[in-house]
Chemist: 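Structure incoming, see below.
Computed from a predicted structure; not experimentally measured.
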Amino acid sequence: LRSRSFERTQTSDRRSTTHPPTEHCIVIGLLHRKLSTASMATEKEESLLAAVKQASGTWKNGFNTGDAAACAGQYEATAVMVAKPFGTFTGTAEIQGFWQKLIDDGFSEVEYVEPTKLEVVGEDSVILSSNWKMNKAKGVITKELWVLQEDGSAKLREDHFEAQG
């Protein structure tokens, strides 16, 4: 660390005061600006994560109440869902059909279990990964790519998961 050296200056009433050198003021100003930017980024990330948690909760609630349309409503119109070993489904109509079949077959009570990881991967996107279980199956979510929409909500652009039992 650099030692603090201060310059003595005379005030108009002839008392001397101590001021930090100009270079310290510049450094302090830059640090303040950097901290302010980091704080804004943190607030934006918190807002993004809150939108993802809300949308994910809406999806789980829709599934657990037998509402495949509510599940599909959490996906972007051109989303891609890769559900191993079942196949790949593109667009909300195909995705809704997949969830409707599972609901009709008696699957329910989905919950995400540890570890659940949320990773901010851009200004407007988060990847969720987790283990999951329900009444008749369990598995792993390898990648749910949630993207912030213009209205402030988050929707799934990609959904990759595997049923393992």
Side-chain angles (χ1 to χ4, degrees), residues 26-165:
I26 293 170
V27 170
I28 290 168
L30 291 172
L31 285 172
H32 176 65
R33 193 173 316 145
K34 192 171 195 171
L35 288 172
S36 294
T37 303
S39 176
M40 287 177 10
T42 301
E43 288 174 22
K44 189 169 184 175
E45 285 180 4
E46 287 176 11
S47 177
L48 175 60
L49 289 169
V52 169
K53 289 174 185 177
Q54 181 177 353
S56 180
T58 300
W59 183 92
K60 287 182 272 189
N61 185 58
F63 185 81
N64 289 335
T65 59
D67 188 349
C71 293
Q74 300 312 303
Y75 291 81
E76 291 182 335
T78 59
V80 175
M81 183 175 76
V82 179
K84 294 181 181 180
F86 309 104
T88 300
F89 304 85
T90 303
T92 53
E94 286 185 14
I95 291 169
Q96 182 173 340
F98 174 83
W99 294 122
Q100 189 63 60
K101 171 123 177 55
L102 256 70
I103 291 167
D104 292 346
D105 289 345
F107 289 85
S108 65
E109 301 169 33
V110 70
E111 61 182 278
Y112 293 0
V113 294
E114 298 295 329
T116 297
K117 181 180 173 188
L118 292 167
E119 179 185 0
V120 176
V121 292
E123 285 187 16
D124 67 348
S125 53
V126 171
I127 293 178
L128 181 149
S129 57
S130 183
N131 293 316
W132 59 268
K133 66 180 183 175
M134 62 176 69
N135 64 331
K136 295 172 123 183
K138 65 180 180 178
V140 62
I141 299 165
T142 54
K143 180 183 181 183
E144 284 184 354
L145 176 61
W146 292 91
V147 179
L148 194 64
Q149 306 298 299
E150 286 185 21
D151 67 358
S153 68
K155 291 200 183 273
L156 281 162
R157 181 169 290 168
E158 296 179 35
D159 187 4
H160 301 258
F161 67 93
E162 182 176 359
Q164 299 175 331

Chemist: To the nearest 0.5 Å, what is the distance between CG on Asp159 and CG on Leu128?
Modeler: 9.5 Å
Chemist: Hey, could you give me the CG/NZ distance between Leu49 and Lys44, rounded to the nearest 0.5 Å?
Modeler: 12.5 Å
Chemist: What pairs meet the salt bridge (Lys or Arg N to Asp or Glu O under 4.0 Å) rule with one or both residues in residues 64-86, with sequence neighbours excluded?
Modeler: Glu76-Arg157
Chemist: Please test Val140 against Gln164 for side-chain contact (heavy atoms from CB on, under 4.5 Å), starting from the C-alpha separation and ending with a verdict.
Modeler: CA-CA 7 Å; Val140 62; Gln164 299 175 331; 3.4 Å; yes
Chemist: Keeping to residues at least two apart or across chains, list the side chain to side chain donor-acceptor pair (under 3.5 Å) pairs with something in residues 109-120.
Modeler: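 Sorted pair list: Tyr112-Glu144, Thr116-Ser130.
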Chemist: Compare every heavy atom of Val147 with every heavy atom of Ser125, then report the nearest pair and how far apart it is.
Modeler: CB-CG2, 4.2 Å
Chemist: Enumerate the side chain to side chain donor-acceptor pair (under 3.5 Å) contacts for residues 49-65, please, sequence neighbours excluded, ordered by first and then second residue.
Modeler: none
Chemist: Do you know which two heavy atoms are closest between Ala163 and Trp132, and how far apart they sit?
Modeler: CA-CZ2, 3.8 Å
Chemist: How close do Gly62 and Cys71 get, counting heavy atoms only, and between which atoms?
Modeler: C-SG, 3.9 Å
Chemist: Is the count of non-hydrogen atoms from other residues, nucleotides or ligands lying under 6.0 Å from Lys101 atom NZ greater than 12?
Modeler: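 Open: at most 12 neighbouring heavy atoms sit under 6.0 Å from NZ of Lys101.
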Chemist: Could you tell me which residues satisfy side-chain contact (heavy atoms from CB on, under 4.5 Å) with Leu148, sequence neighbours excluded, listed by chain and number?
Modeler: Leu48, Ala51, Asp124
Chemist: What are the two closest non-hydrogen atoms of Ala154 and Ala55, and how far apart are they?
Modeler: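 Here Ala154 and Ala55 meet closest at O-CB, 3.3 Å.
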Chemist: By salt bridge (charged side-chain N to carboxylate O under 4.0 Å, His left out), which residues pair with Lys143, not counting sequence neighbours?
Modeler: Glu158
Chemist: Which heavy atom of Gln74 sits nearest to which heavy atom of Trp146, and what is that distance?
Modeler: O-CZ3, 3.8 Å
Chemist: Any donor-acceptor pair under 3.5 Å linking the side chain of Asn135 with the backbone of Ser108?
Modeler: yes
Chemist: Using atom types as modelled, flag every donor-acceptor pair under 3.5 Å from a side chain in residues 86-98 to any protein atom, sequence neighbours excluded.
Modeler:
from, atom 1, to, atom 2, distance (Å)
Glu94, OE1, Thr90, N, 2.8

